[in-house]
Number of protein chains: 2
Amino acid sequence: MICSHPPLKFLDVESGTLYKIGMTTKTIGATGLVFDPIRVERVSEKVAGQLRKLISDGSLKVGDRLPSERDLSEQMGVSRTSVREALQQLEMHGILETVHGGGSIIRNITEQEIRKPIERFIEQDKKRVLELAELRAFMEAWAAREAARNRTDQELETMRGYLEEMERDFEKGAIRYDVDFKYHTEIAAATHNTIYLHLIDNIYSLINYSVKVHREEVFVSRESQETILNHHRKIFRGILERNPENAETAMKEHLAFVVREFKRKFFDR
Amino acid sequence: MICSHPPLKFLDVESGTLYKIGMTTKTIGATGLVFDPIRVERVSEKVAGQLRKLISDGSLKVGDRLPSERDLSEQMGVSRTSVREALQQLEMHGILETVHGGGSIIRNITEQEIRKPIERFIEQDKKRVLELAELRAFMEAWAAREAARNRTDQELETMRGYLEEMERDFEKGAIRYDVDFKYHTEIAAATHNTIYLHLIDNIYSLINYSVKVHREEVFVSRESQETILNHHRKIFRGILERNPENAETAMKEHLAFVVREFKRKFFDR
DNA sequence: GTGGTAGAATGGTAGGACCATGTTATACGT
DNA sequence: ACGTATAACATGGTCCTACCATTCTACCAC
């Protein structure tokens, strides 16, 4: 998922506080007075802070590629050195990953703590896959509700685009999984809850990880494809009309169907 | 404690492994073969590794000051840039501290808390705290529903125990936060969804971190304590009677109250 | 399609210059 | 002789330029 970033506005580094109060306090002499130590924030830290914020408020999503170091340094009015130091700080914290010659991409913040341990769980027991599906179902139901409540017109149009794409793909033969995925992701984004966005992203990839097969191979029949399309139409309508109840219900219906089909194929029942 | 470092021997950076094996694996094509991605070690990483080694084997003790960046770069035969990057990596990991104009000193690794990525992420914006609360609310509502459906008698008894403990604490003065926490955790366990259990545990710890104050300090009034207790009684009844709807409703009511109170205290509204 | 190749884009390293801050030595006044 | 103010130096912080190493991309030959 590569993207250019003309719309992103990188403020001048001078914006924001120049000095920052540390966390520890010291008592000086016998006066009993307590002072907070003053700590100058380095340029690289300001840059890192700004990038953090852009990630935090969702302007930069997981998988996005940052502008090049040269671009960043120019846009922010600082040296490439400072930008590099900032990127390195973020890389140390696992927030992004830089590849020699390839650029820097945003990583999932929840990955470190949540992903690794869970992967091991999943490998131990097939039952975990169903647990994941269960999780996904109720989380997305909430997302549909919140999206209906908070979505912007812009986001709605994006969803409409994906939906129409699915319609066309259906006419031509089969719905493509990646469009379906993007559709769900856009709903997640429309909740305007960044942490949820990262969380659900992780759950998706966990599902993909544990179920090595793509959905395309599960939902091949004409009927199931049509059912899914109908579900999506219904979800879209709920979000369009800003009707949380309907959106949630439709999503629940949809995922219940998906899980049912899934069970039928993989656990032969 | 300032000291010069003629005796320290800084090996040439070329010593040590040039290539390093990463952590993730990829499956290529349909062969099923698994390859480990190759990752080149950057110069700064080699420098950092050498310093790490010197610290771990005691050549550099806590409080010692490192040679200047210029000295290090000369002794190691690398640019000052690389040395600086290495020092920064170590500083990120809390291993040393650099002072503008003062040099870099070794810190005690055990004394400082190393902040996890998400924690820094959350600090970026107060809004994130509310997002966490939002997440928690709908996830726990689901948990209450599932617990009512799947709980064993054993788990119910454990909950009863915690509830009674809260009742006693309330009579004696105040509900203890850890009991409340254990109560919620037991509900999570009763869902019998292991992955959910881990997920919510993570979210709890994040909330505890971001909200530096314990709940005890937020819900001090007799009325709010009683309200909370009533909520818990209601939730318990729903789970006891295996009534998912009631349990979910009660939990929603409870967390809505908690979030409302929380907002009132911390965002003064 | 598959694979190779050249050019562009991008991150990595090097080195020099200068500024900001801390450290040390020196000169000064009492 | 002592403390203090000042100057000189040492050291980290930032910027700049240049060049190398790797990846990406488009194009071509097969």
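Below, chain A is the first sequence line, B the second, and so on; all start at residue 1.
- The distance between atom CG of A:L87 and atom C1' of D:dT14, rounded to the nearest whole Å, is 16 Å.
- For the 3.5 Å distance criterion, the side chains of A:T152 and A:E155 qualify, holding a donor opposite an acceptor.
- Rounded to the nearest 0.5 angstrom, A:T185 OG1 and A:M159 CE are separated by 11.0 Å.
- One atom, CD of A:Q88, and another, C1' of C:dG11, lie 12 Å apart when rounded to the nearest Å.
- Between the CG atom in A:D71 and the CZ atom in A:R80 there is a gap of 11.0 Å [rounded to 0.5 Å].
- Straight-line distance from the CD atom of B:E41 to the P atom of D:dT22: 14 Å, rounded to whole Å.
- Taking a pair as Watson-Crick or G-U wobble with both distances under 3.5 Å, the runs of three or more consecutive pairs in DNA chain D are C:1-30 with D:1-30.
- Counting only heavy atoms from C-beta on, B:R42 has its side chain closest to C:dG12 among C:dG12, C:dT23, D:dT14.
- Considering every non-hydrogen atom in both A:H184 and A:H254, the closest pair reads NE2-NE2, 3.7 Å.
- Distance B:L90 CG to D:dG12 P: 14 Å, rounded to the nearest Å.
- Taking only side-chain atoms of A:E69, from C-beta outward, the nucleotide of D:dG13, C:dG12, D:dT14 with the closest atom is C:dG12.
- With rounding to whole Å, B:E91 atom CD is found 12 Å from D:dG12 atom P.
- Under 3.5 Å, the side chains of A:N193 and A:T191 contain no donor-acceptor pair of N or O atoms.
- Here the side chain of B:E85 is nearest to one of D:dT14, C:dT13, C:dG22, namely C:dT13.
- Rounded to whole Å, atom C1' of D:dG12 lies 13 Å from atom CG of B:D71.
- Between the side chain of A:R84 and the main chain of A:S44, no donor-acceptor pair closer than 3.5 Å is present.
- In this structure, the nucleotide among D:dG13, C:dG22, C:dG11 sitting nearest to the side chain of B:T98 is D:dG13.
- A cation-pi contact links A:R222 to A:F170, judged by a cut-off of 6.0 Å to the six-membered ring centre and 45° from its axis.
- Note on A:S104: only backbone sugar-phosphate atoms sit closer than 4.0 angstrom, heavy atoms only; bases stay farther off.
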Any N/O pairs under 3.5 Å between the protein and nucleotides 14-17 of chain C? List them or say none.
| residue | atom | partner | partner atom | Å |
| --- | --- | --- | --- | --- |
| C:dA14 | OP2 | B:S79 | N | 3.0 |
| C:dA14 | OP2 | B:S79 | OG | 2.9 |
| C:dA14 | OP2 | B:S82 | OG | 2.6 |

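- Between the CD atom of A:E45 and the P atom of D:dG12 there is a distance of 16 Å, rounded to whole Å.
- In summary, A:R233 and A:E167 engage in a salt bridge, as defined by a charged side-chain N under 4.0 Å from a carboxylate O.
- Remark: P of D:dT11 and CD of B:E74 are 12 Å apart, rounded to the nearest angstrom.
- Side-chain N/O atoms of B:R128 and A:S56 include a donor and acceptor closer than 3.5 Å.
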